[in-house]
Structure formats: C-alpha cells, structure tokens
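Quick notes on the structure that follows.
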Amino acid sequence: MSGVQQPAAVVAEGVDMDFGTGAAMAVKDAGFALGRGRFLTILGPSGSGKTTLLRMIAGFQTPTRGQILIGGKPADAVAPHRRSVGMVFQKLALFPHMTVAQNVAFPLKMRRFNPAEIAGRVERYLELVRLGGFGARRIHELSGGQQQRVAIARALVFEPELLLLDEPLAALDRKLREEMQLEFRRIQKELGVTTINVTHDQREALVVSDEIIVMDQGQIQQHAAPAEMYRRPANPFVAHFIGVSSFLKGRRSAAGIEVNGIDCAGQAVADLAPGVACLGAIRAEQIRIAPAGAPLPGCDTVVQGQVTDIVFEGERLLCFVTLPALAAEVQIYHHDPAGLDQLAKGASVSVGWTAGDLLIFAADKG
Amino acid sequence: MTNMLYRPNRRALLRGTAAAGAAALMGTLPGRLMAQDAPAKPAEIIVRAWGGSWVEALKKGVSDPFTAATGIQVRHDLTEDNEIQPKVWAAVAQGRVPPIHINWDTTTNATKSALRGVTEDLSDLSNLAGTTDLAKPVGLDGYPIVNTYGYVYVLAYRPEAFPDGAPTSWKAMLDPKFRGRIALYNDGIGFHFPAQVAGGGKLEDIPANMQAAWDFIAQVKEQQPLLGEDPDFTAWFQNGEIDLACTISTNAREAKKNGVDLAWTVPEEGAKFDTDGLWIPKGLPENELYWAKEYINFAISKDAQQVWCDGLGLPGVVPGLTPPADLVDDPSYPDTPEEMSHLIRISTKVQVENESEWFGKFKEIMQG
Amino acid sequence: MSEPGPKQDFRYPLHWRLMDGVERLADIVWPRSMARHTGWLFIAPALLLVGLLVLGLVQIADSSLRVLDTATFLPSEDWSLTNYEKALGTKVYLTVAWRSVSAAALTTVLTLILAFAYAYALVRVRKAWIRKALLITLFLPFFIGQVVRAYGWLIILGNSGMVNEALGLIGVAPMRLLFNYGAVIFGLVQYMLPFAVLLLVPALTAIPEETETAAGSLGASWPRIFWHVLLPMAKPGLIGAGLVVFTLTLTDFAVPAMLGGGSQDFIANAIYDQFFRTADQGLGAALALMLVAAGSILVGLVFMVFGAGTLAMGGRK
C-alpha cells in the first residue's frame with residue numbers, strides 16, 4: 001500500500017453496491033485508500049464492477065453499504081455540480097454546439113470564476129494539453145486525439161481535487177491510445193492532481209499508474225504498485241489477467257507442486273499444507289525453450305514437449321508447447337526469432353524454469 | 001376532409017316520423033308514368049338528399065312509391081348540399097354528365113344554380129297546376145326550381161328560463177341574464193331580417209339600408225352568442241349551454257322529441273320564412289331527364305306531399321294537407337294567411353344577390 | 001471453412017426465393033441497362049403528385065383573379081385584382097388572419113414547452129413500463145382523430161360536462177370553458193402535442209445522457225444544464241417541431257370551428273365559407289393563395305434565421 005505518510009485523498013470503506021435486480025452485487029466490500037497526488041487505475045474485465053465503483057466515487061451513485069470519503073467528506077454529500085471532481089467520460093461528452101475554448105471555459109463559467117481570468121486560464125490549459133491556438137475551432141473539426149485533449153483540459157481547468165477517467169481511451173486505435181496514455185501520465189505528473197482511472201487495458205494500467213486495483217466479480221482482487229502487481233499477483237485471476245501466464249494443476253509438494261506425479265520446483269505465495277490441491281502459474285517470458293536435448297542451464301525444472309503452434313509477433317515468438325508429462329499446454333515467449341527454424345510446428349523441444357518463477361496458489365480460485 | 005365530417009347538415013340530426021300509407025299511393029300515380037311511348041327507363045336515378053330522418057321521409061313519401069310504380073331504382077346521394085354545388089357547376093361548365101339527377105336544395109342555393117344557368121326548366125310538370133304559390137320560385141323566369149315546402153326560423157327557448165311565459169320579442173336576447181346563453185347560425189342566416197325590424201328598421205329597406213339590422217346584431221354580439229350549425233343547436237339545448245336560439249323550427253322540434261324541455265315562438269317582429277326545392281342539373285341524357293322530371297312531378301302530388309312533409313313536420317306546397325298532430329296551430333307550421341302574415345319573406349333574388357355580403361357583414365361583427 | 005457444402009435437402013428461406021423471383025421479373029420489365037434511370041422511375045409518382053398540386057395552384061390562381069357576378073353566379077371573363085383588394089380591405093379577414101397567426105405562434109410556444117418535457121421524460125425514463133404508458137397516453141388520442149377529440153372536449157368541458165361537475169362538487173358555479181379563444185388554443189395544443197413529441201424525441205435521443213452528467217460534473221445546476229446544453233443541442237428538433245406545429249395550426253379548420261363557438265374563425269374557416277357557403281370561389285381562391293403565401297414567407301424566414309432544423313435532412317446545420 002502506498003501513500004502512508006500523506007493524508008488520504010480518497011478512502012473507500014466496506015463499499016457495497018446492490019442494484020436490487022436479483023443478480024449478484026455489482027460491488028462487494030470494496031475498501032482502499034489513495035494518497036494525494038497519486039494516480040490509481042482500477043483494472044478489470046467488463047462487468048467486474050470497476051465502472052460502478054468509479055460512479056460511486058464520482059457521487060453519481062450512492063453505495064448501498066459502506067462509505068466513500070473524498071478529502072474526508074462523503075462523496076455524495078454535495079450535489080454533483082458543487083463537487084471538486086473533474087471527470088473525463090468514456091464518450092468524452094464534449095458540447096458540440098460550443099467551440100473548443102467555450103467547452104473549456106464552461107466549468108469556469110458554471111463555477112463562477114472571475115470572468116477576467118477565464119480567457120487566460122482557458123488558454124493555459126489548452127497549452128497544457130498541447131492545443132494552444134485551437135480555441136476557436138468547433139469540436140467536430142478536431143481529430144479523435146484532439147477531442148481527448150479538450151476533454152482533459154475541460155476536466156482539469158477548474159483545478160479539481162480529484163480527476164476521474166472513465167475509460168476515455170477505449171474507443172481510440174492502438175497507436176493513439178498509447179500516445180494518449182503517455183499524455184495522461186505527463187499531465188498528471190505536471191499538475192499533481194489525484195487521479196483515478198478505469199480501464200480493462202492491462203497495458204494502460206501498467207504504463208500510467210502509481211497504483212493498480214484489479215477487480216473481478218465486484219471484488220477487489222489486489223491493490224498494488226504496477227511492478228509488484230506484475231511480479232507478485234495475489235491470486236490466479238490476477239496472474240491470468242495481467243501478462244500471459246500458463247497454469248499447472250497439482251498438489252503441494254516440498255519442492256513446489258507435484259503435477260501428474262512429477263515434482264516441479266516452485267514458490268508458494270502463501271503457506272499451503274503439503275498435499276492440498278493447488279495451481280502453479282508461470283509467465284510466458286519466464287519459461288525457457290531449447291531444441292530437444294539441448295541444455296537449459298540454471299533451470300530448476302526441465303521437461304520435454306512438442307510445439308503445437310507458433311506465432312510470429314515481430315520482436316518475439318509466442319510458442320504453444322504441449323508437455324505430455326505434465327498433461328498441460330504452456331505459452332512461451334522466445335526472444336530469438338533467429339531460432340525460428342528449430343522451433344517449427346511439431347518440433348520436439350525442452351522447456352524449463354527456475355523455482356522462483358513458478359508461483360503456487362491454493363486451487364480454490366481461478 | 002374535416003369539412004364534411006364537421007358540417008353534417010341540419011337535417012342530419014333530425015329524427016322525424018313519417019306518416020304511413022305509402023303503398024296506397026301507387027294507384028294515384030299519374031297515368032303518364034305508365035305510358036307506352038315514354039322514353040327508355042334508366043336503371044336508377046340519383047337524388048341528392050339530406051340524411052337522417054330527412055332522407056327517410058323522402059324515401060317513404062316519394063322515392064319508394066316512385067320505384068314501385070316505374071321500376072326505376074332511386075339512389076340517395078348524401079353529399080352535403082354546399083359541396084355538391086361546385087361539383088355540379090364544374091360538370092356543366094365542362095360539358096360532362098352531372099353526378100346527380102335531382103338536387104334537393106335550399107331555394108337560395110338552388111337559385112344561385114338557376115342564375116348560373118345550370119338548371120333545367122320544369123314549367124311543363126303537370127302537377128304544378130295543383131300547387132300553391134309557394135312552389136313557384138320568386139323572381140325567376142319559369143320553374144328552374146320547384147319549391148316543395150316552407151320552414152320558419154323561430155325563436156326557440158327553454159321554458160324554464162321564461163317563468164312568465166314565452167318571450168314576445170327578439171329583444172329578449174339582450175337581457176343580461178342570457179349573456180353567453182344565446183345561439184345564432186354562424187353566418188347569421190335567418191336572423192338578418194327580424195334583426196332589421198327589432199333594430200327599428202323597415203323590411204322595405206332591405207337590401208338598400210340594413211343599418212338597423214347591423215346595430216341590433218352588434219348589440220347581440222355584446223351578449224357573447226354561440227355561433228353554430230343545426231346539430232350544434234340541438235346539442236347545446238340538450239347540454240344546457242343555451243336558453244335562446246334563432247333556429248329552424250324542425251331542429252327545436254327534434255330536440256323536444258329527444259326529451260329536451262323546449263318551446264318556440266314567432267316574436268312580434270316576425271320570423272324568416274323560407275323554402276326548399278328540387279331541381280335538375282343540365283347535361284343529362286334525354287331519357288334520364290324525362291324520368292327525373294317525372295320524379296319531381298310526383299314529389300309535388302298531394303299524396304307524396306302528405307307523407308313526405310309529415311315526416312319533415314313542415315307545410316307543403318299543395319293545398320289541403322293535414323298537419324301532424326303536434327303542429328296544429330303551431331306558428332312554425334304556417335298553413336293559414338293569418339299565420340303567414342307574421343312571417344318575413346324576402347325575394348329569393350334579393351337574398352341570392354346580397355347573401356354573401358350579409359354573411360360577411362355578420363362575420364365582421366361577430367369575429368371582431 | 002471446414003463446413004461441408006449445403007446438404008441435398010437444403011433450401012433457401014421462402015422470402016429469399018420470393019425476392020429472387022421478383023428480381024428476375026424486374027430484369028425483364030426494367031432491364032439492367034436502364035439501371036441509371038431507376039432513381040427517376042421511383043420518384044416519378046411523387047413528381048406527378050407534386051405536378052398535379054402545382055396545376056391545382058395555377059387553377060386556383062386563375063379563379064382568384066375572376067370576380068363572382070351575383071346576378072348570374074358566374075365568374076367574370078376578365079382578370080382583375082378585385083378579390084385581393086376585397087380580402088385586404090375587409091376588416092374581418094384581417095382580424096381572422098391576425099387571429100390565425102397569433103394563435104399559431106402561441107400554440108407553437110405552448111406545445112413546444114409541453115412537448116419538450118414529455119419527450120425528455122420519454123427519452124430518459126428508465127423503467128420500460130413507464131415509457132410504454134407514456135407512449136400509449138400520447139398516441140391513443142392521436143389515433144382517435146381531430147374531430148372526434150374535439151367532440152370529446154365539448155363533452156368534457158361543457159356547462160354540464162365533467163370538469164364543471166367536478167367544480168360543482170367544491171361549490172364553484174358552472175362556467176363557460178368552451179367557445180372562446182382559450183378553448184381553441186387548448187384544443188390546438190392538445191392536438192399538436194403528439195406531433196411535436198414525435199419530432200422532438202429523435203433530437204433528444206441524440207443528446208447522450210453522459211453529456212448532461214458531464215455538464216453537471218463540470219458545475220452546472222439543472223436549470224443551467226437545460227439552458228446551456230439541452231436547449232442548444234435540441235435546437236434542430238425544436239425548429240422542426242415548431243415549423244410543423246406552426247403550419248398545421250395556421251391552416252387548421254376543425255378546432256376553431258368546433259371549440260370556438262363560431263366567433264373564433266381562422267383563415268381556413270373563412271376560405272371554407274367562401275367556397276361552400278357563399279359560392280364565391282374567386283374570393284376563396286384569393287384567400288387560399290394569400291394563406292399559402294403567408295405561410296411560405298413565415299417558414300422561409302424561420303429557415304433563414306434559424307436553419308431548417310431536423311427538416312434540413314442532412315443539409316447544412
């Protein structure tokens with residue numbers, strides 16, 4: 001957990017959201033604290049409850065249980081238009097009948113800023129999002145990326161305590177999305193505004209955030225910094241959702257996990273009694289692959305397998321390999337495209353890993 | 001098509017009763033109808049008529065006996081009289097066969113058609129010899145129309161509102177207690193002439209000087225009258241919207257038959273008397289014209305008149321008809337010279353030439 | 001595809017085969033080589049109808065120039081502007097014209113206010129059954145038709161009607177609710193409401209709810225969201241609906257005739273009188289043409305000032 005010294009900007013405590021439709025709760029017992037100036041991303045598949053959690057933080061919905069505090073006050077204590085929360089919406093929700101400058105000036109006018117200041121402030125924020133000189137344009141004259149920037153400027157221009165991003169990049173093509181991710185990060189660092197972003201894009205979460213919360217089925221699965229989240233997933237779901245992982249089913253053994261009678265070296269994330277059903281997870285880039293019989297120095301476990309498919313991804317190869325001994329199939333990144341001919345479909349190969357890279361979880365999840 | 005929907009003619013709501021005895025008429029049909037040398041009979045002839053009890057009365061008194069005697073079917077076309085007029089005019093102007101054989105029409109409207117020259121002359125009908133002067137249109141040469149009965153624009157009132165007896169003057173309309181509770185036709189028809197008298201003017205000054213009428217109508221306007229058509233009057237009386245109205249006696253009689261407590265009178269200033277008639281548009285084939293004339297000739301026979309006019313509750317144009325029991329000595333059923341002397345009858349020609357101006361003037365006062 | 005080809009007994013659905021037949025037939029009747037004229041073929045009936053309309057207008061224009069002779073009830077042989085002079089010089093026509101225009105303007109404003117609220121509720125309400133109820137409530141009277149509805153008002157608002165009876169229960173004496181200017185406006189607004197809602201719903205559907213939420217999160221209270229966001233974004237719909245309501249009201253006949261008690265005539269009633277009551281087709285035609293001209297000019301002015309709204313159909317905004 002981060003933000004230990006700083007006072008928390010946003011705190012959620014035991015938050016439930018039940019829409020009363022008879023289906024499962026949209027959000028269940030969510031709790032977290034976010035320090036001032038931090039960039040948090042709530043990551044999860046669709047239907048995981050991440051958007052509902054964001055809408056409760058925005059104050060558009062009231063939790064059925066628990067509370068959300070922003071700057072120490074309940075999120076829904078004041079009417080939406082009096083809150084100090086800026087929000088960038090999924091479809092941007094720009095005002096098509098206004099110019100760029102009028103869009104950005106809108107919150108200033110609504111919040112009764114000194115009229116003499118408005119023009120200068122609008123221009124400053126347009127500069128910030130690199131749209132200096134675009135003030136007189138109409139919204140429909142801008143490209144998708146430029147519209148994104150207008151939306152950001154509009155959400156930030158009144159200097160809110162908190163910035164909320166509701167999947168604003170989801171509709172962009174990949175190249176533009178990656179460019180805008182870096183822009184979000186730059187602007188957030190420049191202004192130091194506390195930010196909560198919602199996305200289903202794991203790359204975006206890793207790139208922009210100081211902290212990530214992974215949600216699934218209404219529950220927070222893990223709250224951690226990006227690197228820790230990647231290296232130490234708290235459960236198989238997180239391991240599966242972030243990065244490319246392969247899974248082995250077996251029972252806890254002294255060395256790690258016993259799969260199909262073979263003992264594989266691994267590292268348990270929690271205390272697990274010997275013999276209990278468990279799940280081993282290993283990332284595609286942490287499995288090493290070599291032609292059958294070739295040595296794999298440093299590996300704690302080596303098994304034989306057969307390539308069933310191979311995908312050329314440019315800077316690397318993604319190999320699908322069946323391991324008959326373990327009754328499993330694994331995905332492997334191989335960063336030496338020159339070795340392509342040796343790894344042809346149907347080739348016999350040796351694969352191996354070190355004990356520290358095979359994470360062992362209790363088998364009740366995932 | 002709102003026009004047609006909205007403006008069912010005054011006849012539409014009337015529910016008269018027709019006298020019996022139609023079958024008995026067969027024997028009295030003129031011998032000419034049976035003549036061997038008559039032109040070829042058409043399968044049917046079309047008579048434009050007003051709906052409801054009006055067409056029922058016509059059917060019972062005239063059409064059915066005519067069919068029985070000649071074998072010619074009679075089809076009743078219920079197109080609104082004001083709307084058939086431009087159609088007939090257009091057909092005659094374009095040399096087409098007109099859409100109807102006979103038009104049952106108000107004398108004023110029929111006269112317009114006669115002046116325009118679209119009507120056939122009916123002077124040679126044999127039964128004209130047995131009719132009163134009423135059958136002859138005033139101010140026209142010959143018989144481009146044959147009038148078939150007369151009617152009166154009476155002052156109808158709710159007796160409840162007149163505990164001291166019937167109003168004696170049209171000026172009763174000016175009583176403040178009837179503000180918003182009186183009704184006139186929306187073009188003022190039937191009211192112009194008594195208004196001329198009530199306003200202190202003379203009937204002889206019509207149409208030259210009608211200032212008295214306009215002054216009186218302007219006073220009535222201050223009373224916020226409702227303006228409408230015949231069905232409106234019946235409905236307004238029934239719903240208790242009005243206490244007084246200038247309307248055709250048959251509407252008042254109709255409302256009374258429907259259970260509304262209603263009476264009517266001819267005030268001291270008099271009341272307008274007018275007639276309806278039958279005419280034949282030009283352009284029919286020779287044989288059809290012949291049988292259309294036979295139809296009208298039969299319609300003014302005494303037997304046909306007795307049944308037809310009983311159904312309508314109106315005085316016919318043949319002397320010696322028996323009035324319906326409820327209308328004996330009623331001022332709205334004038335059958336004596338004494339009764340006629342209280343009524344105002346203005347030459348059709350004068351009416352036809354000035355009517356649109358009067359309507360316009362009336363509208364101008366009422367729409368102001 | 002690893003799927004095997006269609007099985008022996010496979011048949012295309014009936015409507016595919018029907019369409020194939022129609023296409024073969026069309027090829028015979030209208031060969032492919034004529035394809036570039038097909039567009040004209042399809043608009044030919046519409047062009048014909050418009051053409052007939054224009055012919056009718058020409059004929060009306062002709063008769064508007066002929067004066068009725070009440071001695072013969074024939075239109076004059078030669079042309080003159082007498083009918084127009086009479087129409088413009090007679091106070092009653094000016095009164096009636098002014099009443100039509102002002103009532104159309106008032107009806108348009110009132111209808112748009114009510115229709116906006118109704119359409120907004122229709123678009124934003126979450127529960128499907130409420131939306132259905134709103135739709136049924138709106139369209140039931142729509143299907144009943146103008147004249148029957150006006151008769152309904154005569155019954156409900158009459159001196160012994162439901163409203164007056166209800167007032168009587170609380171000790172209010174019966175009052176005249178019908179046959180005045182207010183009753184006509186009431187009837188017109190009630191008649192026009194479904195048209196306006198129908199034209200406003202697409203315009204409001206096009207405004208994402210998120211835009212309103214966004215405006216709120218940016219600091220706008222509801223009245224300011226309405227004024228600064230909803231109203232300007234709904235403008236095309238409002239103009240379209242306004243034009244339709246205005247022109248329909250301006251030319252209405254039945255409501256003023258039935259609820260006006262005879263003293264609240266509109267231009268259409270005056271025209272009807274000339275055509276069917278006094279048989280003066282010339283004057284009626286002149287009035288009709290002046291109504292067409294006045295309506296066209298007013299609509300043209302709105303187009304120039306505000307644009308055509310949703311009626312521009314993809315043209316410039």
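No experiment lies behind these values; they were computed from the predicted model shown. We use all heavy atoms of the structure for the numbers below, so side chains are in, but hydrogens, waters and symmetry mates are not. Labels below follow one simple rule: chain letters A, B, ... track the order of the sequence lines, proteins then strands, and each chain is numbered from 1.
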#### Entry: Among N269(C), T90(C), D265(C), the one residue meeting side-chain hydrogen bond (donor to acceptor under 3.5 Å, both in side chains) with K363(B)
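For K363(B), the side-chain hydrogen bond (donor to acceptor under 3.5 Å, both in side chains) test succeeds with only one of N269(C), T90(C), D265(C), which is D265(C).
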
Between [atom1] of [X] and [atom2] of [Y], what distance do you get to the nearest 0.5 Å?
| X | Y | atom1 | atom2 | value |
| --- | --- | --- | --- | --- |
| L115(B) | D69(C) | CG | CG | 9.0 Å |
| K112(B) | T72(C) | NZ | OG1 | 13.0 Å |
| S356(B) | L68(C) | OG | CG | 7.0 Å |
| F179(C) | I242(B) | CZ | CD1 | 9.0 Å |

### Query
Given a strict heavy-atom distance threshold of 4.5 Å, which part of Q281(C) is in contact with chain B: side chain, backbone, both, or neither?
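Only the side chain of Q281(C) comes within 4.5 Å of chain B.
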
#### Entry: Option that, when pairs with chain B are counted at under 4.5 Å, heavy atom only, ranks first among D273(C), L154(C), L178(C)
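Top option by heavy-atom pairs under 4.5 Å: D273(C).
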
May I ask you to check whether over 12 heavy atoms, not counting those of [X], lie within 6.0 Å of atom [atom1]?
| X | atom1 | result |
| --- | --- | --- |
| Q94(B) | CD | yes |
| D141(B) | CG | no |
| K221(B) | NZ | yes |
| Q211(B) | CD | yes |

#### Entry: Heavy-atom closest pair, residues S263(C) and L227(B)
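Shortest heavy-atom contact: N-CD1, 4.0 Å.
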
### Message
Quick check: closest heavy atoms across T278(C) and F359(B), and the distance to 0.1 Å?
### Response
CG2-CD1, 3.4 Å

### Task
Apply side-chain contact (heavy atoms from CB on, under 4.5 Å) to the pair F73(C) and V118(B), showing each step before the final yes or no.
CA-CA 10 Å; F73(C) 268 82; V118(B) 303; over 6 Å; no

#### Entry: No-hydrogen, no-angle side-chain donor-acceptor test under 3.5 Å, Q367(B) and R99(C)
yes

### Query
Does R176(C) pair with E241(B) as a salt bridge, N-O distance under 4.0 Å?
yes

